[in-house]
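Below is one structure, written out as structure tokens; comments come after it.
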Amino acid sequence: MSGRYPQDLIDRVRESVDIVELISSHIELKRGGQNYVGLCPFHKEKTPSFSVNRSKQIFHCFGCGEGGNVFGFLMKYENLSFPESISSIAQRGGVQLPKFSNEPAEDISGLYKIDGDAADFFCSHLRRAPKESYVKKYIEKRGLKPETVNAFRLGFAPDSWDACLKSLKGDIKDIEKTGIVKRASNGNLIDTFRNRLIFPVIDEKNRVLAFGGRSLDDSDKKSPKYLNSQESTLYRKGRIFYGLNLSAGEIRKKGEALLVEGYMDLIMLYQAGVRNVVATSGTAFTEYQCRNLRRYTSNFVMVFDGDNAGRKAAERATKIALGQGIRPKIVMLPSGEDPDDIIRNGGVSAFLELVAEARPYISYLIEITCKNFDISTAEGKADAAKSILPDIAKIVDPIERSGAVEILSGKIAIPVGRLESRLPRLKGETFRPPATVRSDTDAHPTEKVLVRIILDRPVKVADKLGRIKPEDFISPLYRKLFTALMEEVGKGADDPLRLLAKFEKTEYEEPLRKLAIAPNLYDEECWEQCVADFVKNVNARGRAEKVSKMKKAAESSSREEYLSQQKNFKER
């Protein structure tokens with residue numbers, strides 16, 4: 001959708017709102033010099049490190065590194081797609097977006113309406129169900145309170161072939177697309193869910209996407225205990241968390257997310273007051289889900305059943321999180337028990353104690369790996385090391401990586417040095433962060449100031465930089481930034497906001513944003529003197545390099561040749 005809009009329109013939408021006003025409507029900001037500062041909404045902190053710059057219309061957190069423009073903030077804070085953020089900000093800023101004849105949004109909105117109507121149908125049937133019905137007895141047995149039933153919009157699918165189908169309005173093809181109905185062997189459409197407790201799957205914008213249904217007849221071995229909607233236009237199992245629409249705020253507040261495996265696990269925890277929890281929706285934990293949840297917190301606690309299937313799920317999910325740069329903790333429940341059992345037997349405090357004792361992911365992986373091999377033999381030790389070292393190699397922090405190697409060394413009795421010597425040999429498995437240029441520790445102060453001046457006033461500074469070349473920069477980072485900026489200035493980029501926007505989603509975005517929002521780098525009234533200082537510094541460095549070369553030449557030449565070179569240098 002966003003590809004349909006010209007860049008000029010996207011720029012106009014971005015510039016139609018004040019980023020300070022937009023972000024202030026979500027979090028508290030206070031004036032702090034050139035910027036507005038507050039507590040970062042994307043990670044837990046006590047001291048404000050989140051800055052918003054009104055003139056450049058950007059934000060940046062110096063704690064977690066999150067940042068961007070108004071689109072980026074809404075995408076991260078409200079979990080919107082880029083097209084959705086454009087639409088939201090255009091509406092807020094009064095910018096009219098064009099409509100396209102082949103735009104799929106109208107069809108999709110119709111599907112949302114059908115799913116919502118189906119959810120209402122199921123809810124109404126649950127309310128009207130007799131107290132002695134299977135569904136009411138099940139709800140009573142599980143201890144579900146009326147407010148919990150209402151919060152999760154639980155429902156009941158009657159034992160009828162087409163009761164839900166008959167209640168729905170709309171194009172029959174659209175109804176079929178939602179998966180609420182299916183084709184029987186004779187070709188007729190029938191209800192997908194019959195005689196089941198219904199769990200609507202709802203997204204963060206409170207739109208019903210799909211359904212899960214729990215059988216109320218456990219004696220029927222032919223019918224699955226849980227039946228979930230098939231994937232559809234609206235519903236992708238690996239992209240959705242059950243319950244996130246209710247738990248997102250609490251996850252942000254606590255700075256931690258608990259991941260459980262089922263609908264009822266989540267509901268019973270939520271009812272008990274543990275509300276920073278989400279559940280996978282009929283699928284294993286996926287990379288997309290990991291990235292999605294990361295928008296709310298980077299602290300994951302994964303809660304799994306203690307049986308063999310739970311251990312395998314924990315190992316799989318942990319490796320996925322690790323591949324996304326997340327360091328999760330693991331809670332393995334006693335075999336045969338779920339969170340509801342823990343709470344019923346020991347109260348919510350018993351469950352929270354398990355969470356407090358959650359094990360670091362790498363310790364868990366090492367232990368599981370060692371159990372999979374006979375580490376009493378040399379072959380088993382070697383196989384265990386080969387199996388786990390690729391995961392250890394993915395750890396970015398060298399101190400944490402060394403600690404993991406020490407744990408493995410203690411388990412399999414192989415010296416740390418030998419294990420570490422294997423890490424560099426791992427090909428294609430070692431994690432590397434996205435290719436970005438970040439280090440500026442070797443930059444001369446004038447280099448940083450010069451790049452910032454180009455960002456602030458590309459038009460005024462362009463004619464002052466004719467003699468400056470990329471080779472004049474010591475820092476590889478600022479050499480690249482200078483080259484990239486001057487290339488855009490040469491193409492006619494004359495507006496600071498649009499110049500910065502040119503580098504969105506590139507390796508230069510974060511360092512430029514961080515530089516653009518840094519306060520008090522130079523006196524704005526003396527920017528021309530700052531440019532002159534850079535040139536002066538380059539010239540001084542060049543002279544120093546020439547003197548150094550002359551001294552080296554003197555060591556290998558006659559006194560007459562040295563005096564001749566010195567005379568020529570002074571004459572220049």
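The shown structure was predicted, so the numbers you read here are calculated from the model rather than taken from an experiment.
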Mind checking whether [X] and [Y] have side chains closer than 4.5 Å, heavy atoms only?
X    : Y    : answer
I251 : L293 : yes
S88  : S85  : no
R194 : I190 : yes
K411 : S363 : no
H26  : P41  : no
S232 : K177 : no
F71  : I10  : yes
I180 : D115 : yes

* Asked: For Y242, which of V278, I267, I202 qualifies under side-chain contact (heavy atoms from CB on, under 4.5 Å)?
  ->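 So the option named by the test is I267.
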Starting at [atom1] of [X], measure out to [atom2] of [Y] and round the result to the nearest 0.5 Å.
X    : Y    : atom1 : atom2 : value
L168 : I175 : CG    : CD1   : 5.0 Å
N276 : K253 : CG    : NZ    : 10.5 Å
R142 : L197 : CZ    : CG    : 10.0 Å
D191 : F121 : CG    : CZ    : 6.5 Å
S87  : L80  : OG    : CG    : 9.5 Å
R214 : Y263 : CZ    : OH    : 13.0 Å

Any ion pair linking [Y] and [X] (charged N to carboxylate O, less than 4.0 Å)?
X    : Y    : answer
E231 : K237 : no
E367 : R359 : yes
R14  : D11  : yes
K319 : E315 : yes
K182 : E176 : no
E84  : R207 : yes
E140 : K136 : no

Ignoring hydrogens and geometry, is there a side-chain-to-backbone donor-acceptor pair from [X] to [Y] under 3.5 Å?
X    : Y    : answer
R275 : E250 : no
N188 : A184 : no
D174 : D171 : no
T192 : G179 : yes
Q271 : G143 : yes
T369 : L365 : yes

Smallest separation among heavy atoms of [X] and [Y], with atom names:
X    : Y    : result
G213 : I198 : CA-CD1, 4.1 Å
D341 : G336 : OD2-O, 3.9 Å
A272 : I343 : CB-CD1, 3.8 Å
A358 : V301 : CB-CG1, 4.1 Å
A314 : M332 : CB-SD, 4.0 Å
S247 : V277 : OG-O, 3.1 Å

* To do: If the plane angle is over 60° it's perpendicular, under 30° parallel, otherwise tilted; pick one for H60 and F62.
  => perpendicular
* Using the six-membered ring wherever Trp is involved, compare the ring planes of F42 and F59 and label them parallel, tilted or perpendicular (cut-offs 30° and 60°). =>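 Rings of F42 and F59: tilted, 30 to 60°.
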* To do: Quick one: list whatever passes side-chain hydrogen bond (donor to acceptor under 3.5 Å, both in side chains) with D117, sequence neighbours left out.
  => K113
* Sole residue of F122, F152, Y235 in ring pair (Phe, Tyr, Trp, His ring centres under 6.0 Å) with F211 -> F122
* **Audit row: D340, L269, side-chain contact (heavy atoms from CB on, under 4.5 Å) steps and yes/no** => CA-CA 7 Å; D340 187 29; L269 286 172; over 6 Å; no
In residues 154-165, what donor-acceptor pairs under 3.5 Å come from side-chain atoms, sequence neighbours left out?
residue : atom : partner : partner atom : Å
S160    : OG   : D162    : N            : 3.4
S160    : OG   : A163    : N            : 3.2

Can you give the donor-acceptor pairs under 3.5 Å from side chains of residues 348-357 to other protein atoms, not counting sequence neighbours?
none

* Asked: Does CD in E337 sit with more than 12 non-hydrogen atoms of other residues, nucleotides or ligands closer than 6.0 Å?
  -> yes
* **Y134 atom OH: more than 12 heavy-atom contacts under 6.0 Å** =>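 Open: at most 12 neighbouring heavy atoms sit under 6.0 Å from OH of Y134.
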* **CA sep, side-chain torsions, deciding dist, call: D203, N245, side-chain contact (heavy atoms from CB on, under 4.5 Å)** => CA-CA 6 Å; D203 68 10; N245 60 309; over 6 Å; no
* Asked: Could you walk me through whether R239 and Q289 pass the side-chain contact (heavy atoms from CB on, under 4.5 Å) check?
  -> CA-CA 5 Å; R239 297 191 170 207; Q289 288 173 321; 5.8 Å; no
* To do: Would you tell me whether T297 and E256 have side-chain atoms, one donor and one acceptor, within less than 3.5 Å of each other?
  => no
* Between T286 and T280, is a side-chain contact (heavy atoms from CB on, under 4.5 Å) present by the stated rule, with each step listed? -> CA-CA 9 Å; T286 67; T280 50; over 6 Å; no
